[in-house]
Every structure is written in C-alpha cells, then in structure tokens.
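Both counts, for ligands and for their atoms, begin at 1 and track the order of listing. The first residue in the sequence is number 1, and the count goes up from there.
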Amino acid sequence: MSFAATILTLYPEMFPGPLGRSLAGRALEEGIWSLDTVQIRDFAADKHRTVDDTPAGGGAGMVLKVDVLAAAVDHAVARNALEKLPVLAMTPRGKPLSQARVRELAGGPGVIILCGRFEGFDERIFDGREIEEVSLGDIVLSGGEPAAIMLLDACIRLLPGVMGAPSSGSEESFEEGLLEYPHYTRPVEWEGRTIPEVLRSGDHARIAAWRKHQAESDTRSRRPDLWEHHNDARDQPASGARRETKEPDQ
Ligand code: SAM
C-alpha cells in the first residue's frame, strides 16, 4: 500500500516541487507514495473567497480563519476516511519534529498536512479538531509549504524501496540519538589533507570503532543537548554516573 500525502495549502502549485525529483520523484512515479493537494481557498464561504482576517486584539498581519480551515481539514479527512491518516499542522509553536516521529509516520498509511501562511492559524482549530502541531525548528518560515516538503522528504526516503542499501537509513544522524560519523571519499589527499588512515586500512572492526568514537565525540562537542539525552538513556537504570568514551586507535 502506498504512503498517502494530502497537503492543505493556499499554494498547491508548490507541490511536488523538489519532491518531484531524485529519490522522492522516482518513488512518486513508481507509486510508492501518492500526493494530493487541497486548495484551502476552495473552502471559503464568501464570494471573495476570503481565507484570512485581522488578528483579534490587534497587531500586524492576518490570521487564517478557523471555519475555512475546519472545512478544508474535514474534507481531507473524509477523503482519506479508510486510512485514518494523522493530521499535522506546520507551525513554529508545535513540537519539534524528530527522526523518531518521522520513522513512526513513515511506518503508517500517510499524512494530511495543513500549511499555514501569514501570522498562522486561528488557535481554535487545534481545540476543535485532532491536529498534531509540528515545528521544523526555532526558525520562522514564510509558509508551511517548505516545512511540509521537508517533513515529507524525511518520511519518503524511509519508505521501503526508496533508498538503495537497506542499512543506509539506520546508521544516520539521530537514529541512535547521535550525529553520524564524518564521511570521506577519493581523492585520498586533497590540499594536503588526507583521509584518516583507519578508513583505508580495510580493518572493519577498527573502522567501526573509529566511527563510533567520532559519532560520540562530534555529538558531545556539537550537540551537547543530544549527548546528554543519549547518555541519560544509555545509563538507565544505572545510578546516573556518566561513562567516558574510550578513544580507539587512529
Ligand atoms: N506568527 C507565527 C509565529 O510567530 O509563530 C509565524 C507564522 S509564519 C510567518 C507562517 C507559517 O509558516 C506558519 O503558520 C507555519 O505554517 C509556517 N512555519 C513558519 N515557521 C515554521 C516552523 N519553524 N516550523 C513549521 N512551520 C513553520
């Protein structure tokens, strides 16, 4: 069964966009995933097809109207009634997206994604409908469409048959709560910099130990937040004492 993506947007022409190329594009052609867009404006009730209004309480910008959003969401849910797809809304106020959540979504039947514009959504849509608010990080994009494309891209590459080597998804950054180790390829020497000797040794045990050490030390120095979380998870249910990583042969 194919992974079904339905996007609710004011800019359906933005899709598939980059998802029509490369791995995701091939997978779309092969029917590994399917794409459906819903124009939110089609659910406006007035003759001007109004989708937004000024913020209650004053302030800059415009807010997406709850009645229009609800009608669009209800339409998309009804259209996918058989699969009971989760409904996600892209918003910087949402829970930061994680690789674990991406993996869960990719393992399911698909997603309905609501893309915001302007100042965002009338908050009552989240009380009135079952919608998961998802953030792509502590940045503000101009619209939910690029965020939806990123989320979908992360899911699609995990679908069976999309990536070449079966292991290529499981060793990557965040899969073990760590950043991935660094990569190198030919030429062996570039501007006086050489590929680490261990990677040219052919000794698979040493290579694996070096990669593990690099993943740990890079996570510790670049992402102390991830490192702390990883250590806490690893130490449980022990007393909480931290383990030091042992440096392998270079
Ligand atoms: N006024 C909002 C705020 O400060 O939280 C920002 C609205 S933003 C200009 C317009 C739309 O872009 C949002 O409704 C959302 O759909 C999308 N968006 C912006 N940043 C995002 C992020 N970090 N993650 C997910 N969606 C985002």
If you scan the protein for heavy atoms around atom 24 (N) of ligand 1, do you find one that is closer than 4.0 Å? yes

Counting only heavy atoms not in His204 (residues, nucleotides, ligands), do more than 12 fall under 6.0 Å from its NE2? no

Under 4.5 Å between any side-chain heavy atoms of Leu8 and Val73, yes or no? yes

Show your reasoning for whether salt bridge (charged side-chain N to carboxylate O under 4.0 Å, His left out) applies to Asp74 and Arg129. CA-CA 9 Å; Asp74 292 348; Arg129 295 293 181 274; 2.7 Å; yes

Just distances here: any N/O of Ile139 and N/O of ligand 1 closer than 3.5 Å? yes

If you compare all heavy atoms of Leu179 against all heavy atoms of Thr219, which two are closest, and at what distance to 0.1 Å? N-OG1, 2.9 Å

Inspect the surroundings of CG in Asp225 and state if more than 12 heavy atoms from other residues, nucleotides or ligands are less than 6.0 Å away. yes

Numbered atoms and elements of ligand 1 in range of Phe118, under 4.0 angstrom, heavy atoms: 7 (C), 8 (S), 9 (C), 10 (C)

Give the C-alpha distance, both sets of side-chain angles, the deciding distance and a yes or no for side chain to side chain contact (heavy atoms under 4.5 Å, CB included) between Cys155 and Arg103. CA-CA 7 Å; Cys155 291; Arg103 210 166 255 291; over 6 Å; no

Suppose I only count heavy atoms of Gly116 and a 4.0 Å limit; which atoms of ligand 1 are within that range? 11 (C), 14 (O), 16 (O)

Identify, by atom number and element, the atoms of ligand 1 in contact range of Glu119, meaning under 4.0 Å from any of its heavy atoms. 1 (N), 2 (C), 7 (C)

Only heavy atoms of Gly120, strictly under 4.0 Å: list the atoms of ligand 1 that pass. 14 (O)

Is it the side chain (CB and beyond), the backbone, both or neither of Ser142 that lies under 4.0 Å from ligand 1, heavy atoms counted? backbone

Identify, by atom number and element, the atoms of ligand 1 in contact range of Val134, meaning under 4.0 Å from any of its heavy atoms. 25 (C)

Taking the inter-plane angle between the rings of Trp210 and Tyr184 on a 0 to 90° scale, is it parallel (under 30°), tilted (30 to 60°) or perpendicular (over 60°)? tilted

Considering non-hydrogen atoms of the protein only, which is the closest contact for atom 21 (C) of ligand 1, and what is the distance? Pro92 CD, 3.5 Å

Any side-chain donor-acceptor pair under 3.5 Å between Thr194 and Glu189? no

Need the ligand 1 atom indices (1-based, order shown) with element for anything under 4.0 Å from a heavy-atom of Leu136. 22 (C), 23 (N), 24 (N), 25 (C)

Below 3.5 angstrom, do we get any N/O pair linking Val140 and ligand 1? no

What residue and atom, counting heavy atoms only, is the protein's closest point to atom 8 (S) of ligand 1, and at what distance? Leu141 O, 3.2 Å

Matching residue for Glu216 among Lys212, Arg220, Gln214 - test: side chain to side chain donor-acceptor pair (under 3.5 Å): Lys212

Atom 15 (C) of ligand 1: nearest protein contact (heavy atom, Å): Met90 O, 3.0 Å

